Participant: 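Just passing along the structure, written as structure tokens.
Order of the sequence lines sets the chain letters (A, B, ...), proteins ahead of strands, with each chain counted from 1. These figures come from a predicted structure and were not determined experimentally.
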2 protein chains.
Amino acid sequence: MARPTSKDVAHAAGVSQAAVSLVLGDKWRGRVSEATAERVRTAARDLGYRPNLAARNLRLGSTRTVLLVVPALTNDFFARVYTGAARIAAAHDFGVVLYPSPDGIGPAKDPFASARSALDGVIASSMAAGALADIRGADLPLVMLDSDPADTTAAAHVNVDLADGMRQMTEHLLSLGHRRFLHLAADVDSWTFAVRADSIAHALRTAPDATLRTEHAPLTVHGARAAAERALTATTPRPTAVLCDDDIIAAGACKAVRRLGLRIPEDISVTGFDDLALATAVDPELTTIRMPAELVGERGMQALLHVLEGKEPQSDALPVELIVRDSTAPPTA
Amino acid sequence: MARPTSKDVAHAAGVSQAAVSLVLGDKWRGRVSEATAERVRTAARDLGYRPNLAARNLRLGSTRTVLLVVPALTNDFFARVYTGAARIAAAHDFGVVLYPSPDGIGPAKDPFASARSALDGVIASSMAAGALADIRGADLPLVMLDSDPADTTAAAHVNVDLADGMRQMTEHLLSLGHRRFLHLAADVDSWTFAVRADSIAHALRTAPDATLRTEHAPLTVHGARAAAERALTATTPRPTAVLCDDDIIAAGACKAVRRLGLRIPEDISVTGFDDLALATAVDPELTTIRMPAELVGERGMQALLHVLEGKEPQSDALPVELIVRDSTAPPTA
DNA sequence: AGGATGAAGTTTTACGTATAACGTCCGTGG
DNA sequence: CCACGGACGTTATACGTAAAACTTCATCCT
């Protein structure tokens, strides 16, 4: 038989469709007797009734579903953001649908083809500058995570104190005695990486004798390895510390250093960013900056829920933490 | 103003709502004049009209959306499966919604809370034995990837020739001269891992002098490291080759080997499985088995589309490939 | 006694879309 | 001169649900 509807349940229980809706919607205290309610419930169970979500969404004018747009799935930062967002959503009887932007960090082309469900709102994390055109056009409430706070198309922002993170990292290296730096910057035009570069430059002003070379690297281990190798061989005297925009880039940098026959951290210190699972999967384990990823997801969802309720959300910069592991040490030269 | 409906567009263009639906649905050849059609289109554009998906889904009785259930997001195998599935889906004007089972490889609790959009079907990848109860109860067409073909609740299966993969890997090590094996098995009751164990046992029958010890390890780098350390110190004489169920476990095993002061591959060979990004991010790069992950996603989606059209899908085992890198070598002892 | 109250339902309506069924006008062939 | 079929639309209806508005009947207070 075809999928049973509430009308079928009503017929089976000998009541009207409205009664079924009341009972199953748990809004029947004082409107339907306990006996009838029980009859409806068993009828529904016997028929295997599942409400038609499309009809409910149409009726209610809301789907209690939000879209989370992320640039990549292979990065567990986003997995943790999702976890946090989904937890808060579940507590408010909302669902989260995940849309990985197909080109990695790049334009999000028609995310609504991927999730044709009607949506109540959108959360976008760490997206590149012009990547959200389609989403903006949809006039849905938008919360941006880890993105330029100056972007006014978003109803709210949730950001991590990245500048403080890169400052802490740079000062960590300075205090170890490093003065010649290589910055392996992600080859992506996104706010989150621009902040890192600024912050390094700013932190180095306190050390006038420090030198900084910047090299751009793709967000893959092998691409980053090639870029690091290039930069390390081309720069004399050789840098003693490599600041990477990301743990993935750092993993590539480590491979490059070893390829050149050098040791980490004795000859060169390497630092990551994000504290991905990768950071402790490689040898040596990376000194890095831990992002409160789940908290970012939670705050993002809370902000969106506030927007949906018409309240004004507040946004503040969440703190990060410097995690010192085995990839940094004082320079020997 | 509130979101415009097709009725608003009709009013603006001076036609009936039906005409709007015909024009925008691209089903108007011979029913509406080109001039009127153009008027409707500009009116729709001016008002920023977007069709209400919930209403359309209700009317059509189909959402052209399928759910992809995966056990984890941090594993790029699943990211690639998604990519393949989404590509095929897009070509057929379908969307894919991703549901990461919250407990990693474990029970999928109410996936429909996560994607309350009505769904036309479900694809589930590599899920543990009893993890799909809720999905089965939803009486939606179900395609299973990388799962027990004997499970008859699925309308179709897409599998990779894992047995052949583990056979190739075992024979690779045998041909290098290894005889003392440690199998680091994933601590998960799922078909995909059961096959690996069987296949190793089967392949070792051709070498009567070979010994095999099996140790269970969690699917995390650190958990696997601990398990590997335990097994390697407890077994004498020490194994010369470690067969891991997964690249993540292999990464942990590598850390364990180095902690014991041994070298890879000179003292101990370590093998992975899946060819994740991690396999080439660690040092040495892992000898592993490459899975045709995107192809799995594509075939899965094709099978589901066939089921939805009432056709019978065919299922065959996709081939894998042995990738020899730097983590395996002949034993020196 | 008689209206007010409340329990236990039912009838009706609306959500926005897609499409089947139905009109209307006009040119044309017989 | 009239029936007939295309071109160009419109009107009406159904999808399944939630909830407002209404009915019915028994009880209770004054």
Participant: Measure the distance from NZ on Lys27(B) to P on dT19(C) and round it to the nearest whole Å.
Facilitator: 10 Å
Participant: What pairs meet the side chain to side chain donor-acceptor pair (under 3.5 Å) rule with one or both residues in residues 18-30 of chain B, with sequence neighbours excluded?
Facilitator: none
Participant: Could you list the residues that satisfy side chain to side chain donor-acceptor pair (under 3.5 Å) with Glu312(B), not counting sequence neighbours?
Facilitator: none
Participant: Specify the angle, to 10°, made by the local axes at the two ends of the helix from dA1(C)-dT30(D) to dG30(C)-dC1(D) when five pairs are taken at each end.
Facilitator: 60°
Participant: Could you list all N or O pairs between the protein and nucleotides 14-18 of chain C that sit under 3.5 Å apart?
Facilitator:
from: dT17(C); atom 1: OP1; to: Tyr49(B); atom 2: OH; distance (Å): 2.4
from: dT17(C); atom 1: OP1; to: Asn52(B); atom 2: N; distance (Å): 3.1
from: dT17(C); atom 1: OP2; to: Ser6(B); atom 2: N; distance (Å): 2.5
from: dT17(C); atom 1: OP2; to: Ser6(B); atom 2: OG; distance (Å): 2.7
from: dA18(C); atom 1: OP1; to: Arg56(B); atom 2: NE; distance (Å): 2.9
from: dA18(C); atom 1: OP1; to: Arg56(B); atom 2: NH2; distance (Å): 3.2
from: dA18(C); atom 1: OP2; to: Ser21(B); atom 2: OG; distance (Å): 3.0
from: dA18(C); atom 1: N7; to: Gln17(B); atom 2: NE2; distance (Å): 3.2
from: dA18(C); atom 1: N6; to: Gln17(B); atom 2: OE1; distance (Å): 3.1
from: dA18(C); atom 1: N3; to: Arg59(B); atom 2: NH1; distance (Å): 2.1

Participant: Using side chain to side chain donor-acceptor pair (under 3.5 Å) as the criterion, list what pairs up with Arg299(A), not counting sequence neighbours.
Facilitator: Asp316(A)
Participant: According to side chain to side chain contact (heavy atoms under 4.5 Å, CB included), who are the partners of Ala277(A), at least two apart in sequence or on a separate chain?
Facilitator: Asp76(A)
Participant: Just to verify, what does His11(B) make a side chain to side chain contact (heavy atoms under 4.5 Å, CB included) with, not counting sequence neighbours?
Facilitator: none
Participant: Looking at side-chain heavy atoms only, is the closest gap between Tyr49(B) and Leu24(B) below 4.5 Å?
Facilitator: yes
Participant: Name every residue in residues 30-46 of chain B that has at least one heavy atom under 4.0 Å from any atom of DNA chain C, in order of residue number, or write none if there are no such residues.
Facilitator: Arg31(B)
Participant: Taking side chain to side chain donor-acceptor pair (under 3.5 Å) as the definition, give me every residue that meets it alongside Thr152(A), ordered by chain and number, with sequence neighbours left out.
Facilitator: none
Participant: Listed by chain and number, what are the side chain to side chain contact (heavy atoms under 4.5 Å, CB included) partners of Ala55(B), not counting sequence neighbours?
Facilitator: Leu58(A), Asn52(B)
Participant: Could you pull out all residues at least two apart from Thr192(A) that satisfy side chain to side chain contact (heavy atoms under 4.5 Å, CB included)?
Facilitator: Asp146(A), Leu162(A), Ser190(A), Arg196(A)
Participant: What pairs with Ser62(A) under side chain to side chain donor-acceptor pair (under 3.5 Å), at least two apart in sequence or on another chain?
Facilitator: Asp120(A)
